[in-house]
Amino acid sequence: MQAPLLELRGINKSFGPVHVLRDVALTVRAGEVTALVGDNGAGKSTLVKCVGGTHQIDSGEVFYEGNPVQVHSPRDAAQLGIEIVYQDLALCDNLDIVQNMFLGRERKRGWVLDEPEMEALATATLAGLSVKTVSSVRQPVSSLSGGQRQIVAISKAVLWNSKLVILDEPTAALGVAQTAQVLELVRQLADNGLAVVLISHNMNDVFAVSDRIAALYLGQMVAQVKTTDITHAQVVELITSGRSEGLAQ
Amino acid sequence: MREWFASVRRGNLGALPAIAGLLVLCTVFTIMRPRFFSAGNFANLFTQGAAVTVIAMGLVFVLLLGEIDLSAGFASGVCAAVLAITLDQQQFPWYASVGIAIATGLVIGLILGFLVAKLNIPSFVVTLAAFLAFQGIVLLIVKDGNIVPVRDEVIVALANKNMPPLLGWIVAGAGVLGYAAIQIVSAVRRRARQATAPSWNVLALRIGALAVLTVTAVYVLNQERSRNALISSLKGVPYVVPLIVVLLIAGTFLLHRTAYGRHLYAVGGNREAARRAGINVDLMRISAFVICSGLAAVGGIIAASRATSVDPNTGGSNVLLYAVGAAVIGGTSLFGGKGRVLDAILGGAVIAVIDNGMGLMGYTSGVKYVVTGTVLLLAASVDALSRKRASTSS
Ligand SMILES: Nc1ncnc2c1ncn2[C@@H]1O[C@H](COP(=O)(O)OP(=O)(O)OP(=O)(O)O)[C@@H](O)[C@H]1O
Ligand SMILES: [Mg+2]
């Protein structure tokens with residue numbers, strides 16, 4: 001088995017008196033989808049924000065590609081190759097797909113934007129992810145469906161040769177068909193060799209695409225197991241009570 | 001072409017309402033007052049509308065962010081007053097005065113932008129306060145009841161003198177050829193990378209339309225406009241026209257070809273997304289106000305040139321409303337994220353035509369204001385409705 005891309009050990013995080021993360025450990029491997037599950041308020045979003053540099057951890061260690069690292073800002077995270085797709089999409093409606101994908105990191109020739117280059121790269125990225133639902137990369141984002149937007153947001157994260165993509169409830173607002181499209185893309189990311197962390201409340205989604213499941217309960221990591229070694233019912237038990245009878249740890 | 005129709009149906013009307021409005025207005029005024037359709041009046045339209053158009057160009061940058069600058073009119077007045085005083089009382093050379101006037105505009109923008117971006121005061125309030133304060137500053141500089149004359153030849157020439165006909169043709173030819181070259185080179189480059197590019201037909205249509213428009217305009221403006229050509233000849237393209245064209249090109253380049261422009265649209269479209277993409281949102285907001293007030297200064301200089309004087313009302317009365325109206329009528333959204341520098345020119349033309357045409361028909365200022373206000377409201381409704389349409393069709 002290959003070494004993990006990201007390893008968290010003993011992460012603690014408090015907001016004032018509220019101890020949100022308690023000695024959290026998590027291992028994320030390249031080429032795999034790691035599902036992060038837990039009840040509302042368990043600390044899932046807080047954990048990924050710590051990894052993404054939005055929040056600072058109070059104590060604990062972060063290893064990335066085997067080396068200890070410190071992530072102080074989203075920029076640090078981006079430099080390491082960590083991209084986070086937030087639940088509320090970070091797309092500009094008035095810009096087209098290419099413009100959104102390169103926002104803040106435009107390709108230029110001198111002072112001038114290199115539109116052909118950006119369009120070619122965006123097209124290639126979407127093709128590499130087998131995305132077929134968008135007809136033109138020059139479509140304004142305002143004309144896209146919720147699922148298509150989510151797909152653009154995820155593809156944007158891939159464009160930067162990122163190694164770890166974290167998705168916070170990417171299918172929360174989507175219908176059945178669009179959920180399937182997004183999950184297909186999530187699987188494709190891992191198959192392309194990226195490490196993927198997927199936060200979801202939907203057990204069907206989790207079992208459909210994940211390789212491993214990590215369960216948070218009141219800020220503590222109560223289990224991290226292979227998806228094939230656990231049942232629906234056991235995951236639900238972990239989420240609601242923090243333990244599960246008969247689960248080999 | 002089919003894509004364009006689809007985009008119009010989605011509520012993206014672009015320049016359509018302004019161009020349609022211009023055609024209707026010109027036809028009506030020509031029928032009512034044939035004098036409207038004369039070379040002399042055509043030239044008047046340019047010099048009458050120039051100051052408001054340039055101020056509107058600046059407002060486009062602020063409107064793009066979903067902000068407003070109500071002080072742009074009197075900011076232009078302050079800068080015009082600074083120009084006039086330094087010329088008339090300090091005897092500065094014209095370039096020094098122009099430099100100081102524009103610097104004044106930039107500083108005004110810096111202060112407004114700082115208050116909006118860093119202190120988070122709504123731009124409506126900041127610029128409303130500035131509107132009042134700048135009105136006072138103009139009064140203080142000019143001294144109540146006084147008029148400061150502007151006699152400098154270069155400044156006066158800007159809005160009152162014309163290019164020699166031959167020079168007009170040369171500049172126009174160079175402009176059209178330059179436009180064609182840039183369009184073709186960019187299309188070839190895009191095609192080479194298999195990127196989306198306009199079809200050759202669309203390209204030919206665009207270049208052809210610009211050529212016809214330019215040749216017609218220069219031809220008409222090069223006609224003799226003086227009633228008595230023996231005493232004083234009056235022909236050629238007014239000097240403000242190339243100035244506005246240069247500002248149009250520079251502004252369009254900035255908005256559509258640079259990362260700065262892209263980020264401006266992004267901040268106007270979704271501020272949070274822009275912030276997450278690593279864009280310095282505060283800096284973008286401050287810079288938009290700086291550009292707006294800087295262009296207001298240029299507008300003030302044009303106004304001072306045209307009036308050959310500055311008085312306490314320079315940049316006041318209808319100037320700001322006309323400028324905001326010009327941007328919105330041209331197609332710039334009041335909700336942010338949508339707008340072009342060209343909008344200011346199209347809308348500025350509509351307003352200049354209304355103002356000029358109704359003046360010829362002998363209507364009083366009262367009627368003119370009511371009509372212009374109605375047109376502005378109409379444009380804002382088109383903006384709001386097309387926005388609604390865009391959000392429901394997705
Ligand atoms: N900035 C903050 N300041 C104070 N408390 C916070 C902050 N962010 C999160 N919390 C608290 O931390 C706890 C965990 O929140 P978090 O958003 O990580 O939960 P979650 O697992 O993502 O839940 P959900 O499934 O609802 O998204 C909650 O009790 C929340 O109130
Ligand atoms: Mg959450």
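Just so we're on the same page: letters track the sequence lines, and every chain starts at 1. Everything numeric here is computed off the predicted structure, so don't read it as measured data.
For the 3.5 Å distance criterion, the side chains of Glu169(A) and Ser200(A) fail to qualify, holding no donor opposite an acceptor.
In this structure, no portion of Arg107(A) lies under 4.5 Å from any heavy atom of chain B. Only the side chain of Glu115(A) comes within less than 4.5 Å of a heavy atom in chain B; its backbone stays farther off. Proximity to chain B (any heavy atom under 4.5 Å) is shown, for Leu103(A), by both the backbone and the side chain.
Contacts of Ser287(B) classified as side chain to side chain donor-acceptor pair (under 3.5 Å), with partners at least two apart in sequence or in another chain: Tyr260(B).
Enclosure of atom CZ in Phe124(B) is not indicated, since only 12 or fewer non-hydrogen atoms of other residues, nucleotides or ligands lie within 6.0 angstrom.
Note on Arg190(B), Arg193(B), Glu272(B): by heavy-atom pairs under 4.5 Å with chain A, the leading option is Arg193(B). Ranked by non-hydrogen atom pairs under 4.5 Å with chain A, the options Gly336(B), Ala197(B), Ala277(B) are led by Ala277(B).
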Side-chain donor-acceptor pairs under 3.5 Å in residues 68-75 of chain A, sequence neighbours left out?
unit_1   : atom_1 : unit_2   : atom_2 : d
His72(A) : ND1    : Gln56(A) : OE1    : 3.1
Ser73(A) : OG     : Arg75(A) : N      : 3.3
Ser73(A) : OG     : Asp76(A) : N      : 3.2

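A cation-pi contact, defined as under 6.0 Å to the ring centre and within 45° of the axis, links Lys13(A) to Phe15(A).
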